[in-house]
Amino acid sequence: MTGTPVVQALGIHKSFGPVHVLRGVSLTVHAGEVLCVMGPSGSGKSTFLRCVNQLERIDDGELWVRDELVGHRVRQGRLYELNEREIARQRRGIGMVFQRFNLFPHMTALGNVIEGPLRALRHNRTDATAAARRLLDRVGLSDKYDAYPAQLSGGQQQRVAIARALAMQPYLMLFDEPTSALDPELVGEVLDVMKTLAADGMTMVVVTHETGFAREVGDTLVFMDDGVVVESGPPADVLGAPQHPRTREFLSRVL
Ligand code: ADP
Ligand code: MG
């Protein structure tokens with residue numbers, strides 16, 4: 001990949017109390033790239049995404065998101081921590097989709113999608129509603145504008161969650177095992193939406209164990225183990241001929 005770097009992690013570390021979770025993660029995500037992340041449970045995949053999105057603060061290393069040092073600013077050679085407002089500004093352009101859909105249960109699909117643009121972007125209701133309808137159409141839910149989450153299948157809820165993230169007009173989308181909580185027959189409809197998004201040029205980091213998706217849609221596959229990147233490369237190479245013993249062991253269980 002040769003596009004502009006959107007995310008650059010340089011030896012980042014993160015601990016929770018005595019638990020050293022990220023132990024020097026380095027990787028780059030370029031504009032328009034789909035970077036898939038695999039690795040055993042507990043290897044730090046979610047923590048890494050949460051650091052990129054500033055839901056967690058890194059302890060050491062450097063994390064650059066779109067030419068800005070995340071959580072810090074250097075001015076006249078000195079390092080300043082960003083305040084909450086500046087962090088919110090940095091975070092605003094990053095969409096995140098979780099394993100659990102986290103929709104507002106008391107709001108319709110449309111209500112969920114317009115909430116961010118109304119409150120955070122201060123769009124007017126007419127524009128936000130028109131944009132939300134277009135996004136729900138785009139994820140295949142043109143007949144579900146007025147449905148509440150409880151009336152939707154898991155796959156439909158996850159597609160609303162994707163539309164809701166897109167409504168903030170992100171330049172980067174983070175997906176944390178977006179299909180892991182779904183019944184197998186609903187996985188495909190969510191992956192299809194993500195595939196369309198990738199084809200439209202969205203920069204994406206996708207934590208997933210869907211090897212078919214990684215192979216077909218991913219530009220790069222990163223394998224994490226115990227808080228570090230142990231292997232990365234074109235998905236077909238990593239999946240077809242894994243070099244690291246931990247990658248081999250993991251893939252023998254997943255494939
Ligand atoms: P993965 O997503 O690869 O399964 P996680 O990033 O969720 O891994 O977790 C990595 C490790 O960090 C786990 O041991 C987990 O228990 C620990 N961890 C994650 N978040 C917290 C937290 N907020 N407080 C304490 N420990 C945490
Ligand atoms: Mg996780």
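One-based numbering, in listed order, for ligands and for the atoms of each.
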### Structural part of T47 in contact with ligand 1, heavy atom criterion under 4.0 angstrom
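Looking at T47 and ligand 1, atoms from backbone and side chain both fall under 4.0 Å.
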#### Entry: Counterpart residues, ring pair (Phe, Tyr, Trp, His ring centres under 6.0 Å), relative to F213 (two or more places apart)
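Testing F213 for ring pair (Phe, Tyr, Trp, His ring centres under 6.0 Å), a comparison that skips the adjacent residues, returns none.
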#### Entry: Partner residues of F98 under the ring pair (Phe, Tyr, Trp, His ring centres under 6.0 Å) criterion, sequence neighbours left out
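With sequence neighbours excluded, F98 shows a ring pair (Phe, Tyr, Trp, His ring centres under 6.0 Å) to no residue whatsoever.
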Answer yes if a protein heavy atom lies under 4.0 Å from [atom], otherwise answer no.
{"atom": "atom 7 (O) of ligand 1", "answer": "yes"}
{"atom": "atom 19 (C) of ligand 1", "answer": "yes"}
{"atom": "atom 26 (N) of ligand 1", "answer": "yes"}

### Between CG on residue D67 and CD on residue Q8, distance to nearest 0.5 Å
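If I round to the nearest 0.5 Å, the distance is 8.5 Å.
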Please write down residue, atom name and distance for the protein heavy atom closest to [atom].
{"atom": "atom 4 (O) of ligand 1", "value": "G42 N, 2.7 Å"}
{"atom": "atom 3 (O) of ligand 1", "value": "K45 NZ, 2.7 Å"}
{"atom": "atom 12 (O) of ligand 1", "value": "V21 CG2, 3.0 Å"}

### Query
Heavy atoms, side chains only, cut-off 4.5 Å: are L191 and T179 in contact?
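Yes, side chains in contact.
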### Query
So which of T203, T220, T28 actually passes side chain to side chain donor-acceptor pair (under 3.5 Å) with E33?
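Single side chain to side chain donor-acceptor pair (under 3.5 Å) partner of E33 among T203, T220, T28: T220.
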Salt bridge or not between [X] and [Y]? Use side-chain N to carboxylate O under 4.0 Å.
{"X": "R159", "Y": "D192", "result": "no"}
{"X": "R246", "Y": "E249", "result": "yes"}
{"X": "E216", "Y": "K195", "result": "yes"}

### Query
For R85, what residues pass the salt bridge (charged side-chain N to carboxylate O under 4.0 Å, His left out) criterion, not counting sequence neighbours?
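For R85 there are no salt bridge (charged side-chain N to carboxylate O under 4.0 Å, His left out) partners, ignoring immediate neighbours.
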### Query
Do any nitrogen or oxygen atoms of F16 come within less than 3.5 Å of a nitrogen or oxygen of ligand 1?
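No; the residue has no nitrogen or oxygen that sits under 3.5 Å from a nitrogen or oxygen of the ligand.
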### Distance-minimising heavy-atom pair for Y171 and Q90
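Looks like OH-O, 3.8 Å.
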### the Mg ion (ligand 2) neighbourhood, protein N/O/S only, threshold under 2.8 Å
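The answer, once waters are left aside, is S46 OG.
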